A.B. asks: 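Could you have a look at this structure, given as structure tokens, before my questions?
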Amino acid sequence: MRTPVLEVRDLSVHFRVDTGRLFRHDYHTIRAVDQVSFDVHSAETLGIVGESGCGKSTLARAILGLVRAHGGSVQWLGKELLGLSEEEMRGKRREIQLIFQDPSGSLDPRMTVGQIVAEPLRTFYPSMSKLQVRERVQGIMQLVGLSPQQINRYPHEFSGGQCQRIGIARALVVNPRLVVCDEPVSALDVSIQAQIVNLLKDLQKKLQLSLIFIAHDLSVVRHVSDRVMVMYLGRVMEVADRDSIYLKPRHPYTRALIESVPIPDPVKERDRARRSLEGDMPSPLNPPTGCVFRTRCPHAIDECAREVPALETLDNGNQVACIRHREIVGETGDGRRETEAGSG
Ligand SMILES: Nc1ncnc2c1ncn2[C@@H]1O[C@H](COP(=O)(O)OP(=O)(O)O)[C@@H](O)[C@H]1O
Ligand code: SF4
Ligand SMILES: [Mg+2]
């Protein structure tokens, strides 16, 4: 079995928030990330999907030590990252890079593209000569589809898609092994999104990178991911290989997300029995007991309110946190399809 490069176990991040007014405090705890476990393998892309507010960015930041975790473990190449000092974490930050959602907002408008892309090199490779830095920056600009001649231009001279290419160049210039992309296309025009998704997919293959690709929409990660993890209210609902997630989703939340992706063909869209997600996500200040998805789940029964469903690992390695997933996909208790059981 392959050894993962990143192993996250029972990772939890809580925020204490004050919902009181004026002089009356009213403290609550938001479990933004609640006992999340998953692996990322070498040269693999893991998609992470869930509605806005489900904890994706907090999870990404906790992996990089940018927000304090309250429990659990994050192992990078077999070494624990949680609890490392700032100094010890600095070296790891070269190996694990982050790409942000808002391309133009994350670039310093006073710096040229050359300076922006070179900045991490100066931090991690201070002995590099000026010429080496320039050559490396121009090489990486070319790799991400920017012209090396644009090295002295400023971010405002570039489109949103090109700014995201600059962000990607800045992340890749230090030769990372894992790149965490936090909604890298959500702020871009739909017409540009596919170009950036394809670029990341190509770069992942070419450089044999591991990628975590975060999105709020399952259709965005479909093209890039080897496996997909679905989150809801801070918890993992399902982790499965791409084909299983899209062709045989087990968790009712995954199924609802797939059904809520619009089909471009208006006839098919109208004819389709849409059972898309109803209602809003409950307040993270007051999440449901038991299964956090139960207030929107069409399959919920009384038992779902009693205990948090465990993340069950199936024979094929996929995982699902739902007590009724077998019934939902039409399997009997022994794993056979109901139709086969009936005919045999
Ligand atoms: N610094 C913070 N202080 C308090 N609550 C926060 C903070 N950051 C995030 N949250 C809350 O944590 C939850 C998860 O947020 P986030 O990780 O940004 O979700 P996503 O990236 O999936 O949209 C939300 O309820 C959000 O309001
Ligand atoms: S455990 Fe119950 S409420 Fe939760 S997803 Fe499964 S059926 Fe729905
Ligand atoms: Mg986010």
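Just the heavy atoms: all of them, side chains too, but no hydrogens, waters or symmetry mates, feed the values below. This structure is a prediction, so every number in the text was calculated from the model and none was measured. In listed order, ligands and their atoms are each counted from 1.
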A.B. asks: Side chains of Asn175 and Arg136: closer than 4.5 Å at any heavy-atom pair?
C.D. replies: yes
A.B. asks: Please indicate whether Arg177 has more than 12 foreign heavy atoms, meaning atoms of other residues, nucleotides or ligands, lying under 6.0 Å from its CZ.
C.D. replies: no
A.B. asks: Classify the angle between the aromatic ring planes of Tyr154 and His156 as parallel (below 30°), tilted (30 to 60°) or perpendicular (above 60°).
C.D. replies: parallel
A.B. asks: Would you check if Val13 and Leu59 make a side-chain contact, meaning some heavy-atom pair closer than 4.5 Å?
C.D. replies: no
A.B. asks: Looking only at the side chains, is there a donor atom on one of Ser244 and Arg250 sitting less than 3.5 Å from an acceptor on the other?
C.D. replies: no
A.B. asks: So for atom CG, which belongs to Asp280, do other residues, nucleotides or ligands contribute more than 12 heavy atoms lying within a distance under 6.0 Å?
C.D. replies: no
A.B. asks: Protein heavy atoms: any of them under 4.0 Å from atom 27 (O) of ligand 1?
C.D. replies: no
A.B. asks: Would you check, one step at a time, whether the test side-chain contact (heavy atoms from CB on, under 4.5 Å) holds for Glu86 with Arg93?
C.D. replies: CA-CA 10 Å; Glu86 187 56 30; Arg93 289 224 180 95; 3.2 Å; yes
A.B. asks: Numbering the atoms of ligand 1 from 1, which are under 4.0 Å from a heavy atom of Pro284?
C.D. replies: 25 (O)
A.B. asks: Determine the minimum heavy-atom distance between Asn318 and Ala240, stating which atoms define it.
C.D. replies: OD1-CA, 3.3 Å
A.B. asks: Just need the protein heavy atom nearest to atom 12 (O) of ligand 1, so name the residue and atom and give the distance.
C.D. replies: Ala32 CB, 3.4 Å
A.B. asks: Quick one: which of Ser57, Ala62, Gly53 has a heavy atom closest to atom 14 (C) of ligand 1?
C.D. replies: Gly53
A.B. asks: Please report which non-hydrogen protein atom sits nearest to atom 19 (O) of ligand 1, along with the residue it belongs to and the distance in Å to one decimal place.
C.D. replies: Gly55 N, 3.2 Å
A.B. asks: Quick one: look up the protein heavy atom nearest atom 9 (C) of ligand 1 and list residue, atom name and how far away it is.
C.D. replies: Phe15 CE1, 3.5 Å
A.B. asks: Output the list of atoms in ligand 1 that are nearer than 4.0 Å to some heavy atom of Ser52, sorted by atom number.
C.D. replies: 23 (O)
A.B. asks: Pick one of side chain, backbone, both or neither for how Val67 approaches ligand 1, counting any non-hydrogen atom pair under 4.0 Å.
C.D. replies: neither
A.B. asks: Tell me: protein heavy atom nearest atom 17 (O) of ligand 1, and distance?
C.D. replies: Thr58 OG1, 2.5 Å
A.B. asks: What do you reckon, is CZ of Arg90 surrounded by more than 12 foreign heavy atoms closer than 6.0 Å?
C.D. replies: no
A.B. asks: Within a distance under 4.0 Å of any heavy atom of Val17, pick out the atoms of ligand 1 and give their elements.
C.D. replies: 4 (C)
A.B. asks: Closest approach of Val292 and Arg235, non-hydrogen atoms and distance?
C.D. replies: CG2-CD, 4.2 Å
A.B. asks: For a distance under 2.8 Å, give residue and atom name for each protein N, O or S atom next to atom 8 (Fe) of ligand 2.
C.D. replies: Cys297 SG
A.B. asks: Over 60° means perpendicular and under 30° means parallel, so tell me whether Phe293 and Tyr232 are parallel, tilted or perpendicular.
C.D. replies: perpendicular
A.B. asks: Within less than 4.0 angstrom of ligand 1, does Cys54 place any heavy atom?
C.D. replies: yes
